[in-house]
Amino acid sequence: MTTSRPTQSATLGELAVRFGCELIGDPNAAVDHVAALDAATHGALSFLANPSYRPHLATTGATAVVVHPDSDDEQCPANRLLHKDPYGTYAGMAALLYPGPAVIAGRHPSASVAATASVAADAEIGAGVVIGEAASIGAACRIGANSVIEAGASIGAGTHLGSNVTVGERVTFGQRCRVQSGAVIGSDGFGFAPTAEGWRRVPQVGSVRIGDDVDIGANTTIDRGAIGDTVIADDVKLDNLIQIAHNVRIGAHTAMASQVGIAGSTVIGQRCMFAGQVGVVGHISICDDVTVTGKTMVSRDITESGQYGSGIPAMPMTVYRRVIARLRQLDKLATRIAAIDKQKGKGS
């Protein structure tokens with residue numbers, strides 16, 4: 001096996017029925033772990049979603065491969081589970097094989113729980129956890145070591161927090177959320193008013209509302225609202241090292257990769273996808289079903305669904321220097337063209 005993480009096993013017949021696959025092969029064959037096509041051995045489940053890996057089908061040692069019907073290869077020595085969404089189907093199967101550790105009800109002796117806090121009897125409270133006054137921890141929650149749940153915060157049933165997570169005052173989580181280690185939810189937003197004497201801090205009196213089935217990556221920060229709340233809707237997926245500023249609203253099923261930064265009071269629609277290092281200025285709106293490619297700066301409203309991008313891809317330094325030199329001449333060139341058009345009567 002390629003991993004020491006405890007797993008379950010399942011027969012291919014069971015997987016085919018559960019996930020609606022056409023099985024080509026032995027229904028009694030079993031898988032008990034996952035592996036890449038080119039590294040798989042007996043008992044492994046693998047998948048093919050990227051066509052560039054198709055040559056590995058003919059030589060894989062996997063017991064079973066999840067593959068799109070159009071990419072099926074009769075030369076593949078493995079059993080094949082055919083599905084139109086091979087990656088999504090593989091994800092569901094992998095979740096069955098790797099169910100994760102069960103929640104172990106109880107409180108570590110070193111945990112500090114306020115007398116007015118409500119903690120479900122079947123919740124797991126780790127070492128060094130601090131739970132503040134009037135906070136609420138729902139059924140089957142896991143709160144990792146040294147995490148802090150501040151006063152009035154609410155953690156919905158089945159939500160798991162990693163170690164060293166901070167949940168600020170009055171922050172609310174829905175059900176079945178996952179927060180990785182080091183995340184801070186409900187920190188003060190960056191609010192300062194300029195005065196003659198210098199910067200004056202603006203109290204951040206709102207909070208954060210998190211929906212159901214939200215994933216938040218390690219060391220990601222979500223600021224509380226300045227007046228109203230910052231809102232993260234159902235099934236939003238946030239990678240590690242993301243900054244969400246105060247009063248941002250993110251629509252359901254939107255996903256963001258690492259190092260995305262969203263400035264304050266921006267509204268983002270549903271089913272959007274932001275690649276790594278996308279930056280979004282404050283006080284704008286982005287409609288539903290927008291994909292933004294890596295390193296793009298979004299500086300104005302996006303009102304039509306589709307793909308947007310502006311990053312400059314890597315190139316040899318000698319070429320890059322020429323490109324930048326020519327970019328610096330664009331303004332002069334535009335001025336000259338405008339002058340020529342005016343002389344010809346095409347401009348104003």
Side-chain angles (χ1 to χ4, degrees), residues 1-101 162 178 180-181 215 217-219 237-242 253 255-260 273-278 291-295 307 309 311 313-316:
M1 293 177 62
T2 60
T3 177
S4 60
R5 181 176 170 182
T7 67
Q8 304 291 329
S9 64
T11 68
L12 302 188
E14 293 168 343
L15 293 177
V17 171
R18 179 158 187 166
F19 292 94
C21 300
E22 177 187 353
L23 172 62
I24 300 178
D26 180 5
N28 295 315
V31 290
D32 60 7
H33 66 287
V34 300
L37 278 171
D38 59 346
T41 57
H42 180 73
L45 172 72
S46 192
F47 71 98
L48 174 67
N50 187 330
S52 63
Y53 294 103
R54 194 171 188 276
H56 295 308
L57 272 180
T59 58
T60 187
T63 291
V65 178
V66 186
V67 63
H68 192 284
D70 293 344
S71 298
D72 186 29
D73 186 346
E74 293 182 356
Q75 302 303 313
C76 176
N79 301 284
R80 283 111 63 204
L81 293 155
L82 307 187
H83 197 282
K84 292 182 179 180
D85 179 14
Y87 188 48
T89 302
Y90 160 80
M93 293 177 179
L96 282 180
L97 298 181
Y98 296 81
R178 295 196 316 153
Q180 302 298 326
S181 298
D215 278 65
N219 294 321
K237 306 303 180 185
L238 301 178
D239 198 357
N240 303 333
L241 296 168
I242 288 175
H253 317 298
M256 297 181 179
S258 181
Q259 299 182 32
V260 167
M273 293 190 293
F274 288 17
Q277 297 188 341
V278 166
T291 297
V292 185
T293 62
K295 288 185 175 292
Q307 295 186 345
M315 62 188 73

| Taking all non-hydrogen atoms of both residues, which atom of H68 and which atom of D70 are closest, and how far apart? | ND1-N, 2.9 Å
| request: Nearest 0.5 Å please: distance from the CZ atom of R54 over to the CG atom of D72. | output: 8.0 Å
| What is the minimum heavy-atom distance between V31 and A44, and which atoms define it? | CG1-O, 3.6 Å
| Once you round to the nearest 0.5 Å, how far does CD of Q180 lie from CG of N240? | 7.0 Å
| message | With a 4.5 Å cut-off on side-chain heavy atoms, are Y90 and V34 touching? | response | yes
| field | Check: L97 and M93 side chains under 4.5 Å, non-hydrogen atoms | value | no
| Closest approach of A35 to A40 (non-hydrogen atoms, all atoms of both residues) | CB-CA, 3.7 Å
| field | Interatomic distance, L82 atom CG to L23 atom CG [nearest 0.5 angstrom] | value | 8.0 Å
| query | Which distance, rounded to the nearest 0.5 Å, do you find between the CG of L81 and the OG of S46? | reply | 11.5 Å
| message | Would you compute the distance between atom CG of D73 and atom CZ of R80 and round it to the nearest 0.5 angstrom? | response | 7.5 Å
| task | Please confirm whether the backbone N or O of S9 pairs with a side-chain atom of D32, one donor and one acceptor, at under 3.5 Å? | result | no
| query | Should we count NZ of K237 as having more than 12 external heavy atoms under 6.0 Å? | reply | yes
| message | Nearest 0.5 Å, please: how far is CG in L12 from CD1 in I24? | response | 12.0 Å
| Within a radius of less than 6.0 Å around CZ of R18, do more than 12 heavy atoms belonging to other residues, nucleotides or ligands occur? | no
| request: Taking the side chain as every heavy atom from C-beta outward, state whether N28 and T11 have any pair of such atoms under 4.5 Å apart. | output: no
| Is the side chain of T60 donor-acceptor paired with the backbone N or O of L37 at a distance under 3.5 Å, no angle test? | yes
| query | Can you check whether V292 reaches V260 side chain to side chain, under 4.5 Å on heavy atoms? | reply | no
| remark: Closest heavy-atom pair, N50 versus L48, reported as atoms and distance to 0.1 Å, is O-CD1, 3.2 Å
| field | H33 and T41, any side-chain heavy atoms less than 4.5 Å apart | value | yes
| task | Without swapping roles, check the side chain of D215 against the backbone of R178 for a donor-acceptor pair under 3.5 Å. | result | no
| query | Counting distance only, does the side-chain N/O of N79 pair as donor-acceptor with the main-chain N or O of T63 below 3.5 Å? | reply | yes
| message | With a sphere of 6.0 Å drawn around CZ of F19, does it hold more than 12 non-hydrogen atoms of other residues, nucleotides or ligands? | response | yes
